[in-house]
Amino acid sequence: MIHLSNQLSGTKYYINSLRGQTHEFMNKMHVISGLIEMKQYAEVSQYIQQLNHRYQNEVGFLTERIKVPALAGFIMGKINEAREQNISVLLEESSNVSNVEMQDIVHDVIHILGNFFDNAIDSILQKKQPGRIELKLNYECEGNVFILKVKDNGIGIDFEMQKRIFEHGFSTKGEDRGYGLNLVRTMVENHQGIIELDSQPGLGTSIYVELPCTLEVTNE
C-alpha cells in the first residue's frame with residue numbers, strides 16, 4: 001500500500017530527483033576532500049573552477065529557459081540521476097517556461113515528467129549502451145497551454161503493447177506495476193489535454209503532451 005501510495009502521489013519522483021542531486025554533490029565533495037588531504041591545493045582550485053564553469057553552462061542554460069524554480073530544480077535532479085547511469089539529457093534550446101504561478105498544476109507537470117523520465121531511463125538501460133534523452137518544455141501564453149515532449153533512444157515499445165500502454169494495471173515490468181502511465185493519461189484528460197505516443201521498437205520512444213491550464217504570469 002505504501003509503494004502504491006508513493007507511486008500515485010508522485011512522491012517517488014521528488015525523492016529520485018533529490019537523490020540524484022545529493023549523489024552529485026557528495027561526489028564533488030569527496031574529490032575536493034581527497035585533493036585537500038593530499039595537499040594538492042592547485043588541483044583543488046582548478047577543480048572548483050571547472051565545477052563553476054560547468055555550473056554556469058548547465059544550470060545557467062536551464063534556469064534561463066525554465067523560470068519556475070520547482071520545475072527547474074526537479075529537472076536538474078533528473079539530469080544528475082541520468083548522468084550517473086551514463087545517460088545524457090538534452091534540453092532543447094527552444095524550450096521556454098515563463099516565471100508563472102503554477103499552483104497545483106506544478107505537481108501534475110512534475111508527476112508526468114517524472115514518469116516519462118523514469119520510463120526513458122529504464123528503456124535505455126535495457127538497451128545496455130550509452131543513452132540520450134531529449135526534453136522540450138514550453139508554456140504558450142496565447143493558448144494558455146503547457147507543452148512537454150520527452151524522447152529517448154531506448155529499446156522502444158512493441159506495436160501491440162502500444163495499444164495497451166495507458167491501460168490501468170498494464171505493464172511490461174512485472175506485477176504491481178502499470179499505474180504510472182494510466183495516471184498520467186487521467187491527469188491529461190482531467191485538464192482536457194492531449195497525449196501522443198510514437199515508438200519504434202529498437203530505436204526509441206517519444207511522448208508528447210499538451211496540458212491546458214490557468215496560470216498567472218508574473219513580471220519577474
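As the structure is a prediction and not an experimental result, all values here were calculated from the model.
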Enquirer: Looking only at non-hydrogen atoms, find the nearest pair between Lys136 and Ser94 and report the distance.
Expert: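 Smallest heavy-atom distance, with atoms named: CE-OG, 3.5 Å.
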Enquirer: What are the two closest heavy atoms between Arg65 and Glu92, and how far apart are they?
Expert: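 Closest heavy-atom pair between Arg65 and Glu92: CD-O, 4.3 Å.
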Enquirer: With the side chain counted from C-beta on, respond yes when Val188 and Ile194 share a heavy-atom pair under 4.5 Å apart, and no when they do not.
Expert: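 No - every pair of side-chain heavy atoms lies 4.5 Å or more apart.
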Enquirer: What residues form a salt bridge (charged side-chain N to carboxylate O under 4.0 Å, His left out) with Glu210, not counting sequence neighbours?
Expert: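 For Glu210 there are no salt bridge (charged side-chain N to carboxylate O under 4.0 Å, His left out) partners, ignoring immediate neighbours.
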Enquirer: Would you compute the distance between atom CD1 of Ile112 and atom CZ of Phe146 and round it to the nearest 0.5 angstrom?
Expert: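 Interatomic distance, Ile112 CD1 to Phe146 CZ, rounded to 0.5 Å: 9.0 Å.
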Enquirer: Excluding sequence neighbours, so at least two apart, what forms side-chain hydrogen bond (donor to acceptor under 3.5 Å, both in side chains) with Ser95?
Expert: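 None.
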Enquirer: Please report the interatomic distance CG(Asn153) to OG(Ser88), rounded to the nearest 0.5 Å.
Expert: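 Spacing of CG (Asn153) from OG (Ser88) equals 8.0 Å.
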Enquirer: For a 4.5 angstrom cut-off between non-hydrogen side-chain atoms, does Val68 reach Val109?
Expert: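 Val68 vs Val109: side chains apart.
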Enquirer: When clusters are formed by joining ILVMFWY residues with side-chain heavy atoms under 4.5 Å apart, either directly or through shared neighbours, do Phe61 and Ile79 land in the same one?
Expert: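 Same cluster.
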Enquirer: Mind checking the CG-CG spacing from Leu137 to Leu135? Nearest 0.5 Å is all I need.
Expert: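 Leu137 atom CG to Leu135 atom CG measures 4.0 Å (nearest 0.5 Å).
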Enquirer: Would you mind reporting whether Ile133 and Ile121 have side-chain heavy atoms less than 4.5 Å apart?
Expert: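 Yes. Closest side-chain heavy atoms under 4.5 Å.
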Enquirer: Just checking Lys127: does its NZ atom have more than 12 heavy atoms from other residues, nucleotides or ligands closer to it than 6.0 angstrom?
Expert: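 Yes, the 6.0 Å shell around NZ holds more than 12 heavy atoms from other groups.
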Enquirer: Report yes if the side chains of Leu197 and Tyr208 come closer than 4.5 Å at any heavy-atom pair, otherwise no.
Expert: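 They are not in contact (no side-chain heavy atoms under 4.5 Å apart), so the answer is no.
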Enquirer: With rounding to the nearest 0.5 angstrom, report the CG to CG distance, Leu113 to Asp118.
Expert: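 Leu113 atom CG to Asp118 atom CG measures 9.5 Å (nearest 0.5 Å).
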Enquirer: Return yes when atom CD of Gln129 has more than 12 non-hydrogen atoms of other residues, nucleotides or ligands closer than 6.0 Å, and no otherwise.
Expert: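 Yes, CD of Gln129 has more than 12 neighbouring heavy atoms, counting only those of other groups under 6.0 Å.
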Enquirer: Using the test salt bridge (charged side-chain N to carboxylate O under 4.0 Å, His left out), find all partners of Glu93 that sit at least two apart in sequence or belong to another chain.
Expert: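 With sequence neighbours excluded, Glu93 shows a salt bridge (charged side-chain N to carboxylate O under 4.0 Å, His left out) to no residue whatsoever.
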Enquirer: Look up atom CD1 in Ile165 and atom CG in Asn119, then write down how far apart they are to the nearest 0.5 Å.
Expert: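 Reported to 0.5 Å precision, the distance equals 7.5 Å.
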Enquirer: Would you say that Ile66 contacts Leu91 through its side chain, given a criterion of any heavy-atom pair below 4.5 Å between the two side chains?
Expert: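 Ile66 reaches Leu91 side chain to side chain.
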Enquirer: Would you say Phe117 ends up clustered with Val97 if hydrophobic residues are merged whenever their side chains have heavy atoms under 4.5 Å apart, either directly or through other cluster members?
Expert: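 Both belong to a single hydrophobic cluster.
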Enquirer: Carefully, step by step, assess Val184 and Phe116 under the rule side-chain contact (heavy atoms from CB on, under 4.5 Å).
Expert: CA-CA 9 Å; Val184 165; Phe116 291 171; 4.0 Å; yes
Enquirer: Run the side-chain donor-acceptor check on residues 33-44: report pairs under 3.5 Å with partners two or more places apart or on a different chain.
Expert:
none

Enquirer: Short question: side chain of Arg185, backbone of Leu181 - any donor-acceptor pair under 3.5 Å?
Expert: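 Side chain of Arg185 to backbone of Leu181, a donor-acceptor pair under 3.5 Å: no, none is there.
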Enquirer: Do you know the tightest heavy-atom contact between Lys67 and Glu64?
Expert: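 Where Lys67 meets Glu64 most closely, the heavy atoms are NZ-O, 3.0 Å.
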Enquirer: Measuring only between side-chain heavy atoms, which start at C-beta, is Ile124 closer than 4.5 Å to Gln85?
Expert: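 A side-chain contact is absent here, since even the closest heavy-atom pair is not under 4.5 Å.
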Enquirer: Hey, is the main chain of Ser199 close enough, under 3.5 Å, to the side chain of Gln162 for a donor-acceptor pair?
Expert: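 Yes, the answer is positive, given that a donor and an acceptor are paired below the 3.5 Å cut-off.
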Enquirer: Going by an N to O cut-off under 4.0 Å, is there a salt bridge joining Lys151 and Asp198?
Expert: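 No, this pair does not count.
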Enquirer: Output the rest of the hydrophobic cluster of Leu203: all Ile, Leu, Val, Met, Phe, Trp and Tyr residues reachable through side-chain heavy-atom contacts under 4.5 Å, sorted by chain and number.
Expert: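 Members other than Leu203 - counting any ILVMFWY side chain reachable under 4.5 Å - there are none.
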Enquirer: Test Phe166 against every option in Leu183, Ile195, Asn182 by the side-chain contact (heavy atoms from CB on, under 4.5 Å) rule and name the one that passes.
Expert: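 One option only clears the test, and that one is Ile195.
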Enquirer: Could you work out, with salt bridge (charged side-chain N to carboxylate O under 4.0 Å, His left out) as the rule, every residue matching Lys163, not counting sequence neighbours?
Expert: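 Applying salt bridge (charged side-chain N to carboxylate O under 4.0 Å, His left out) to Lys163 gives Glu160.
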Enquirer: With rounding to the nearest 0.5 Å, note down the distance linking CG in Asn86 to CG in Leu125.
Expert: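 Reported value, rounded in 0.5 Å steps: 9.5 Å.
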Enquirer: Do Ile87 and Asp152 touch side chain to side chain, with heavy atoms closer than 4.5 Å?
Expert: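 Contact flag for Ile87/Asp152 side chains = no.
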